[in-house]
4 protein chains.
Amino acid sequence: MGSPARPRLRRKEARPGELLSAALDTFREKGFAATRMDDIAARAGVSKGTIYLYYPSKEAVFEAMVRANLLPNIERMEAAIADEERSSADRLRLLVTAFGEIAGDARLVAVPKLVLAEAGNFPEMARFYRHEVIGRALSLVSGVLEAGMAHGEFRRLDAALTARLFLAPVIVAALWQTTFVPVEDAPVPPADLLRLHLDLFLRSIAADASGGAP
Amino acid sequence: MGSPARPRLRRKEARPGELLSAALDTFREKGFAATRMDDIAARAGVSKGTIYLYYPSKEAVFEAMVRANLLPNIERMEAAIADEERSSADRLRLLVTAFGEIAGDARLVAVPKLVLAEAGNFPEMARFYRHEVIGRALSLVSGVLEAGMAHGEFRRLDAALTARLFLAPVIVAALWQTTFVPVEDAPVPPADLLRLHLDLFLRSIAADASGGAP
Amino acid sequence: MGSPARPRLRRKEARPGELLSAALDTFREKGFAATRMDDIAARAGVSKGTIYLYYPSKEAVFEAMVRANLLPNIERMEAAIADEERSSADRLRLLVTAFGEIAGDARLVAVPKLVLAEAGNFPEMARFYRHEVIGRALSLVSGVLEAGMAHGEFRRLDAALTARLFLAPVIVAALWQTTFVPVEDAPVPPADLLRLHLDLFLRSIAADASGGAP
Amino acid sequence: MGSPARPRLRRKEARPGELLSAALDTFREKGFAATRMDDIAARAGVSKGTIYLYYPSKEAVFEAMVRANLLPNIERMEAAIADEERSSADRLRLLVTAFGEIAGDARLVAVPKLVLAEAGNFPEMARFYRHEVIGRALSLVSGVLEAGMAHGEFRRLDAALTARLFLAPVIVAALWQTTFVPVEDAPVPPADLLRLHLDLFLRSIAADASGGAP
DNA sequence: AATGAATGAGTGTTCATTCAT
DNA sequence: CATGAATGAACACTCATTCAT
């Protein structure tokens, strides 16, 4: 109750974060082009000019916003398999769960979707995303797969390709959430889908089921 | 005098198609917002005003373009399993091949990607696409799956979920092509990916592993 | 009464001229920076967007306007001494009269004044003006001077410097008109000034005073 | 405690002068409109807000800057003919030299040029300049001319008009320096021009050359 | 006195849409 | 049918000015 509303001059350090958060929400509602700087400013509770104190252009805001949301994505992924004790199959299970959580976080998933949509107009950003997010996720998965193959848990397969197949349903589920759910009659629970995926996937890569090759 | 070719008015019936073709190419290069009516007109070789003789707005052009590209997608899919003689596994193989061809056709794949990108701004179109393209594809696949289950070829699984898992790598491959390939160092051949997918998928749904091998 | 006002679509060919005329008047009232595109458009009786059909930017309008007003300046000057019959002194007299007329035309004089004011921001334009207008005027005058020297009418002097001295009062009179007259208590008639200038100037360059007097 | 140097506030009395000096340099580089308060502040080594402690607006800064540069102009001029002993011709010679020096001082000459350029937007300032600088210079010259006429050194002429003719080459030389020199191929040395000017001018106003009036 | 973060009115430019020809 | 000149609403970005600290 001491000082409820201060009109001017707030913490300069917190500003960029607030702006990018507002930017994310606005971009994800309207897309890049349909978002006006005024929208972002209003949502962040500042004036339009203030944005330009921190970012030189709308594109710069977009890029900074994407970049700021890369790290959480990556960290959550990598944290997901930090546990070294488990079997490779268990680690894949953990990964599916972790990715499933990410895929269920609408704000987080909006970022790759925006990257997808704007890749043509922001090639540099697409490259960055490709390498720093997707590339790392693929490495993560193929690392687990290769370990599993080495241990004899999994069949010998092309790890790079298989990693892609492992991730595909997660990616589709994520995009699905942000694209068709508001329009869907009978949404499929992503958890069910991913549980089945894990089951089928493990079965398909399992080292020769009954006793191996004769 | 009865000759068909008239110098002034080029086939007026062909106009809408030419416009939509030009629209598709422009939208896929720049996205919806960054495409100017002038761009489309120039590419179609007409004046800007002419577009408005056929479509009342830029949004209408976009929607018509999407709609016009629904049918080819659907038809190619449905043609892919017209052959009733084959086993369910063979029909899935055919489907993967067909989808793989679609996914390799950059112009065709651009359409779902645009729908994805603009779903927030064109909810009606998203709904339409969800039902008329994706819905049909899912039905197609789950039909085959159910037949295979009924015949004992496949295990009993939730056909709706499994159909999604069947399609996921195809979708991801398609999006990948249009998004990251211009930015990719070492592109993965989609055909390799889909071949492996089919292999793993069939293995994972095969009825009772023990007796499954022919 | 047949068709008093046509709202749209007028002669495309006349437009650039109308626009530049409106631009000149607005620039001369407010200067380059304080002139808004809306001002020019309103004065030309078109909408702001129309200007951009003909010129890509405000700077381009400015440059085109300056360029369009070069020719009249130059032509009036050069026409002024087309007559080959006269003595060099008479030709200088004609030049002073001609320059005096130009200097009295407020719209015409506004152009060099704007060039002067914006020379720092439009160096290319300054260079152009220096060469194509001022340079030609100087050549004109020094040509007459050299002819007069060759004929023995004038003393031997540095023609380039002397030409500058001949033009200086004309230039000052011109700038004076556009700068201080709206602020002046007792304006000096430029004609009186230039008449005296001619008298003093001819006297100062006359060949040998002794025989020069009639 | 009585020591003059205080670390925090640098001589607060010197501030306005420093600001105006920075303002002059910035205005003369970019003109009034294109100069930003930030530019001036940066050049003066203070923050933007500080300027507003001394001047209420950008226009006020401009006007103060012009006003602050009046005095040096005037004083140098008036000092130039303080010497009462000399002949009128010598005093004109001194004036030309003095004016020539002023005209060669790019910073000083920038001021009248800015006044010229902004006269339309700052009429009050134009009036002030007209009276306090130009008016005094004209009085100075016409005073000398009248004295010379009274002494029989010079012919009887309209002193007001003749004074203008005396100053015109100086003014043109000054403007030339600030406008076209950065753009010039072969600059004319102002000293040469003014020397010739003085020579011709004195000759043109000299009391009747051979024997004078009968 | 000095700062510099914040403001918001102002303006150049774009572009979907209209319509006289 | 077709054109393309014209429109005007919309928006990104700027910058003089304010004011809490």
Side-chain angles (χ1 to χ4, degrees), chain A residues 3 6-13 15 33-41 44-61, chain B residues 6 8-12 15 33-41 45-61, chain C residues 3 6-13 15 33-41 44-61, chain D residues 6 8-12 15 33-41 45-61:
Chain A
S3 58
R6 269 166 289 163
R8 290 267 186 111
L9 205 75
R10 284 192 302 191
R11 52 267 112 107
K12 166 159 190 182
E13 292 174 7
R15 267 293 142 68
T35 290
R36 290 173 300 129
M37 294 300 264
D38 274 319
D39 297 335
I40 299 174
V46 301
S47 78
K48 187 167 45 170
T50 298
I51 301 178
Y52 287 91
L53 294 177
Y54 298 91
Y55 304 100
S57 70
K58 187 181 173 184
E59 298 207 348
V61 173
Chain B
R6 270 166 286 163
R8 276 288 178 79
L9 323 177
R10 293 187 309 187
R11 324 114 289 173
K12 81 177 187 184
R15 265 291 145 71
T35 289
R36 289 173 302 134
M37 294 298 265
D38 273 317
D39 297 334
I40 299 175
V46 301
S47 81
K48 189 164 46 168
T50 300
I51 301 179
Y52 287 89
L53 294 176
Y54 296 92
Y55 305 99
S57 70
K58 187 181 174 184
E59 301 206 346
V61 173
Chain C
S3 59
R6 270 166 290 162
R8 290 264 185 114
L9 205 75
R10 284 191 302 189
R11 51 269 113 104
K12 166 160 191 184
E13 292 174 7
R15 266 293 141 69
T35 290
R36 288 174 303 129
M37 294 300 264
D38 274 319
D39 296 335
I40 299 175
V46 301
S47 79
K48 190 165 45 167
T50 298
I51 300 178
Y52 287 89
L53 294 177
Y54 297 91
Y55 304 100
S57 70
K58 188 181 174 184
E59 298 206 348
V61 173
Chain D
R6 269 167 284 163
R8 275 288 179 79
L9 322 178
R10 293 186 309 188
R11 324 114 288 174
K12 83 177 186 184
R15 264 292 145 71
T35 290
R36 288 172 301 133
M37 294 299 264
D38 274 317
D39 297 334
I40 299 175
V46 301
S47 81
K48 189 164 44 167
T50 299
I51 300 179
Y52 286 89
L53 295 176
Y54 296 92
Y55 305 100
S57 71
K58 187 181 173 184
E59 301 205 346
V61 173

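Chain identifiers are assigned alphabetically (A, B, ...) following the order of the sequence lines, protein sequences preceding nucleic acid strands; residue numbering begins at 1 within each chain.
- For the pair D/Met37 CE and F/dT14 P, the computed distance is 19 Å after rounding to whole Å.
- Closest to the side chain of B/Arg36, from the set E/dT7, F/dA16, E/dC15, is E/dC15.
- Considering every non-hydrogen atom in both A/Tyr52 and A/Ser57, the closest pair reads CE2-CA, 4.2 Å.
- Scanning atom types as modelled, no donor and acceptor separated by under 3.5 angstrom connect the side chain of D/Lys48 and the base of E/dT3.
- Contact record, D/Ala33 with C/Ala33: CB-CB, 2.9 Å, taken as the closest heavy-atom pair.
- The phosphate of E/dA6 (OP1 or OP2) has no side-chain N or O of A/Ser47 nearer than 4.0 angstrom.
- Put simply, the side chain of C/Lys58 does not reach to within 4.5 Å of the side chain of C/Ile40, judged on heavy atoms.
- To the nearest angstrom, P of E/dA20 lies 17 Å from OH of B/Tyr52.
- Atom C1' of nucleotide E/dT11 and atom CG of C/Asp39 are separated by 11 Å, given to the nearest angstrom.
- Pair assignment for E/dC15 gives F/dG8, based on Watson-Crick or G-U wobble hydrogen-bonding distances that are each under 3.5 Å.
- Protein atom CG of C/Asp38 is 12 Å distant from nucleotide atom P of E/dG10, rounded to whole Å.
- Computed from coordinates, the D/Ile51 CD1 to E/dA1 P distance equals 15 Å when rounded to whole Å.
- In this structure, CE in C/Met37 is found 10.5 Å from CG in C/Asp39, a value given to the nearest 0.5 Å.
- Each of A/Thr50 and B/Ala34 was assigned the nucleotide of DNA chain E with the nearest heavy atom; the assignment lying further toward the 5' end belongs to A/Thr50.
- Comparing A/Ala33 and B/Gly49 against DNA chain F, the residue whose closest nucleotide sits nearer the 5' end is B/Gly49.
- Listed nucleotides: E/dT13, E/dT7, F/dA12. Nearest to the side chain of C/Lys58: E/dT13.
- If you check E/dT21 for Watson-Crick or wobble pairing at under 3.5 angstrom, you find it paired to F/dA2.
- Distance CD (B/Glu59) to C1' (E/dT17): 13 Å, rounded to an integer number of Å.
- For the pair C/Pro56 and B/Ser57, nearest-nucleotide mapping onto DNA chain E gives the more 5' position to C/Pro56.
- Note: OH (D/Tyr55) to P (F/dT18) measures 17 Å, nearest angstrom.
- Taking side-chain N and O atoms only, D/Tyr54 has no distance below 4.0 Å to OP1 or OP2 of E/dA1.
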